[in-house]
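All values derive from a computational prediction rather than experimental measurement. In what follows, chains are A, B, ... by sequence order, proteins preceding strands, each numbered from 1.
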2 protein chains.
Amino acid sequence: MAASTLSEVARLAGVSLATASRVLNGSSRKPAEDIAERVREAADKLGYVPNAQAQALAKSSSGLIGLIVHDIADPYFAAIARGVQEAARQQNRMVLLASTSGAAQDEKEAVAAFAARRADSIVIAGSRSVRAEDKQGNIELAAELDRYCRNGGHVGVVGHPVVGASTTEGYHVVKVPNEELAAGLAADLAATHHGDFLIIAGPEGLYTSDDRVRGFQRGLADAGKPAAEVIRTGFNRAGGYEAGLALADRIKASAERLCIFAVNDVMAIGVTAALRPEGVWIPRDATIAGFDDIETLRDFRPALSTVHLPLEDIGRLAAGDPDTPPVSGVVKLRRSTETPVESQA
Amino acid sequence: MAASTLSEVARLAGVSLATASRVLNGSSRKPAEDIAERVREAADKLGYVPNAQAQALAKSSSGLIGLIVHDIADPYFAAIARGVQEAARQQNRMVLLASTSGAAQDEKEAVAAFAARRADSIVIAGSRSVRAEDKQGNIELAAELDRYCRNGGHVGVVGHPVVGASTTEGYHVVKVPNEELAAGLAADLAATHHGDFLIIAGPEGLYTSDDRVRGFQRGLADAGKPAAEVIRTGFNRAGGYEAGLALADRIKASAERLCIFAVNDVMAIGVTAALRPEGVWIPRDATIAGFDDIETLRDFRPALSTVHLPLEDIGRLAAGDPDTPPVSGVVKLRRSTETPVESQA
DNA sequence: GTCATGTGGGAAAGCGCATTCCCGTTGCAA
DNA sequence: TTGCAACGGGAATGCGCTTTCCCACATGAC
């Protein structure tokens with residue numbers, strides 16, 4: 001049994017298709033109340049559910065908003081997704097999800113799929129990359145996006161413009177002041193930490209990571225500190241863990257406390273997790289700060305110093321919500337970078 | 001400029017609509033290679049992207065799979081969402097997301113919206129509830145689902161059947177052995193813990209919570225222990241936090257260590273977070289176990305004893321992936337329920 | 001050479017709906 | 001009473017595509 005159609009409803013109510021349509025879906029023309037009532041009754045009796053596909057086809061507007069993330073189970077993206085979801089809800093739309101694990105090629109396919117579904121707008125979260133292996137993918141992605149925009153689509157990108165995208169109509173970037181905030185974090189840390197700094201970053205070419213590294217270094221420089229050494233690894237917990245493992249001996253051997261900046265929270269957690277079984281305690285033997293202020297991680301101990309980012313707002317902004325304030329982060333210094341009492345003075 | 005259509009492609013290639021369709025979208029009839037090539041070239045030149053809406057309308061199959069969660073930012077749901085997403089990818093579909101914060105009324109609307117989009121199948125994650133205030137909502141939800149199934153839709157529900165749903169064709173439940181696993185957890189804990197047990201549960205009527213409570217009590221009984229006191233609170237971190245606050249004094253006053261079972265991990269984390277500033281240390285002053293084994297929480301210290309649930313698999317199963325093994329959880333005893341050395345013997 | 005068979009392309013009929021015309025009614029002013 | 005505008009309902013068209021049906025042609029066997 002297929003779902004009942006509008007024409008069935010119209011027939012049962014004894015009215016024309018047009019009238020039934022006008023009654024059931026908001027039209028500017030309002031049929032008389034008695035007729036409307038008859039139509040509604042008929043629809044109710046048949047359990048009529050309008051076919052959104054057909055509506056979309058007829059009106060050429062799908063009520064869909066596409067969301068592209070690396071991994072929906074990553075709390076960073078999940079938080080953004082929540083914001084997008086909320087904005088969609090307000091706009092009376094639904095969100096279409098695509099996970100791509102960050103490959104530009106996959107993202108291109110996702111954009112094409114969204115375009116095929118005639119999504120009203122597309123949100124791309126997740127860091128852009130200029131790595132060589134992504135070059136071809138980036139070009140194709142940019143072309144696909146460009147085409148989508150020219151066909152009237154709206155695109156919201158979190159963080160950085162898609163590499164090579166010519167800024168066309170309907171394309172907007174939610175800027176995240178990664179560099180400034182990282183600089184701020186460095187400044188705050190430099191105020192109390194007197195030893196070396198070390199940065200655990202994602203792979204080179206990842207914009208978000210690179211921005212944060214640059215900002216942090218600038219902050220250090222402004223504070224009159226020497227540049228920090230940079231270790232490159234995966235942009236996730238596993239990457240942090242690995243780096244932590246590699247670092248343990250060095251920390252234990254050194255007399256001075258090291259201040260580690262991991263370019264995102266989950267990496268910082270990974271570092272901490274690797275260091276702990278090695279007997280390296282935070283903040284006693286080393287201090288560490290992250291970035292993002294992931295909600296699920298706030299109960300970690302030692303509480304992680306980080307930079308708070310309004311991820312939900314970012315999602316809302318990218319989804320085109322006009323009432324959301326612009327992105328502004330806040331440095332949160334917590335226990336993980338506290339200077340222990342015995343080493344003060 | 002609207003996207004180019006199939007008929008434009010056909011015209012440019014000098015073939016009929018039918019032929020173009022057969023070339024570009026998998027049909028059983030394969031046009032001759034030279035013609036096919038011409039069509040593909042034309043499509044390429046025009047940047048043709050098939051209109052999935054129109055395709056869906058014509059073949060009455062949308063390639064959409066709807067996912068209903070309470071909150072996509074909750075790591076539990078995010079993990080399930082990842083599984084659903086993967087299954088969708090394998091089936092060459094896209095997932096449509098809806099967050100409802102658990103209200104049956106909202107879920108009903110989400111189902112209706114999915115039905116309107118002619119989603120091929122719907123996955124409902126999140127706990128069902130028999131609370132009085134959800135009664136009406138549940139009835140409507142069941143009716144909506146029933147209608148959707150009769151119209152040929154497939155529904156996968158995580159955990160428990162929707163209250164009042166008559167098991168129709170196309171309706172399947174991914175059973176999660178909450179009760180058995182909770183019993184297993186209780187048995188394992190009872191083997192080493194000799195004091196009282198206490199359960200921090202979600203609101204009464206929430207199936208998942210109730211099952212875990214019942215299972216835990218049964219496990220205690222089987223081990224010859226008296227039933228645990230049950231505290232009811234919110235099924236989230238805030239609920240756990242509140243309960244922890246209320247519990248702190250009692251724990252401090254008591255000479256005996258209490259073993260707390262929070263019915264999910266985030267609640268357990270909430271409890272721990274509330275207890276910590278009160279000077280109550282886990283596992284020294286009390287032990288605690290959770291449920292779900294949320295990935296993001298695995299780096300918490302003390303490591304949380306819990307029951308591992310294959311959340312991604314659950315998502316995959318609910319999305320109708322046939323290759324996924326059935327759900328089986330595992331009790332994970334970790335540091336949070338370890339008996340400290342000084343109190344042994 | 002004829003007819004059955006098969007092959008491959010095209011015309012056309014929808015899929016379910018919104019919307020533009022079109023036309024019969026009604027209300028009101030002149 | 002007539003004329004005109006405003007109103008409200010219906011027929012028909014089209015959104016972009018799939019698919020059935022039909023037909024022209026080529027091929028083979030007899």
Side-chain angles (χ1 to χ4, degrees), chain A residues 1-40 42-43 46-64 113 115-120 151-152, chain B residues 1-40 42-43 46-64 113 115-120 151-152:
Chain A
M1 163 188 168
S4 50
T5 72
L6 186 58
S7 69
E8 286 172 29
V9 174
R11 193 176 337 127
L12 181 60
V15 300
S16 80
L17 207 61
T19 304
S21 169
R22 290 197 264 253
V23 172
L24 296 177
N25 315 50
S27 162
S28 52
R29 287 183 53 175
K30 298 283 169 204
E33 188 47 41
D34 54 335
I35 290 197
E37 189 50 38
R38 272 222 318 278
V39 174
R40 273 191 289 265
L46 292 176
Y48 170 71
V49 177
N51 185 326
Q53 314 270 5
Q55 290 188 174
L57 190 56
K59 309 196 270 213
S60 60
S61 150
S62 63
L64 252 30
R117 300 224 139 71
R118 298 301 186 262
D120 298 333
N151 288 346
Chain B
M1 166 186 167
S4 52
T5 72
L6 185 57
S7 69
E8 287 172 26
V9 174
R11 192 177 336 128
L12 181 60
V15 299
S16 80
L17 207 60
T19 304
S21 168
R22 290 196 266 254
V23 172
L24 295 176
N25 316 51
S27 161
S28 52
R29 285 185 54 176
K30 298 281 169 204
E33 188 46 41
D34 55 334
I35 290 197
E37 191 47 41
R38 272 221 319 277
V39 173
R40 273 191 290 266
L46 291 177
Y48 170 70
V49 177
N51 185 325
Q53 313 271 3
Q55 287 183 304
L57 189 56
K59 2 184 223 208
S60 58
S61 150
S62 61
L64 253 29
R117 300 223 140 72
R118 299 299 185 261
D120 298 333
N151 289 346

For salt bridge (Lys or Arg N to Asp or Glu O under 4.0 Å), just list the numbers for A/Arg11 and A/Glu8, CA-CA rounded to whole Å, side-chain angles, deciding distance to a tenth of an Å, and then say yes or no. CA-CA 5 Å; A/Arg11 193 176 337 127; A/Glu8 286 172 29; 5.7 Å; no

Heavy atoms, side chains only, cut-off 4.5 Å: are A/Leu64 and A/Arg118 in contact? no

Between atom [atom1] in [X] and atom [atom2] in [N], what is the gap in whole Å?
| X | N | atom1 | atom2 | value |
| --- | --- | --- | --- | --- |
| B/Asp34 | C/dG8 | CG | P | 11 Å |
| A/Leu24 | C/dG16 | CG | C1' | 13 Å |
| B/Glu37 | C/dG9 | CD | P | 14 Å |
| A/Ile35 | D/dG9 | CD1 | C1' | 7 Å |
| A/Arg38 | D/dG9 | CZ | C1' | 11 Å |
| A/Leu57 | C/dA18 | CG | P | 11 Å |

Closer than 3.5 angstrom, by distance alone: can the side chain of A/Gln53 be matched with the main-chain N or O of B/Ala56 as a donor-acceptor pair? no

Please check: side-chain N/O of B/Asp120 versus main-chain N/O of B/Ser62, any donor-acceptor pairing under 3.5 Å? yes

In plain terms, say whether B/Arg38 and B/Glu33 are close enough for a salt bridge, that is, a side-chain N and a carboxylate O under 4.0 Å apart. no

Could you go through the side chain to side chain contact (heavy atoms under 4.5 Å, CB included) check for A/Thr5 and A/Asn51 one step at a time? CA-CA 8 Å; A/Thr5 72; A/Asn51 185 326; over 6 Å; no

Can you check each nucleotide of nucleotides 17-22 of chain D against protein heavy atoms at under 4.0 Å and return B for base, S for sugar-phosphate only, - for none, in 5' to 3' order? BBBBB-

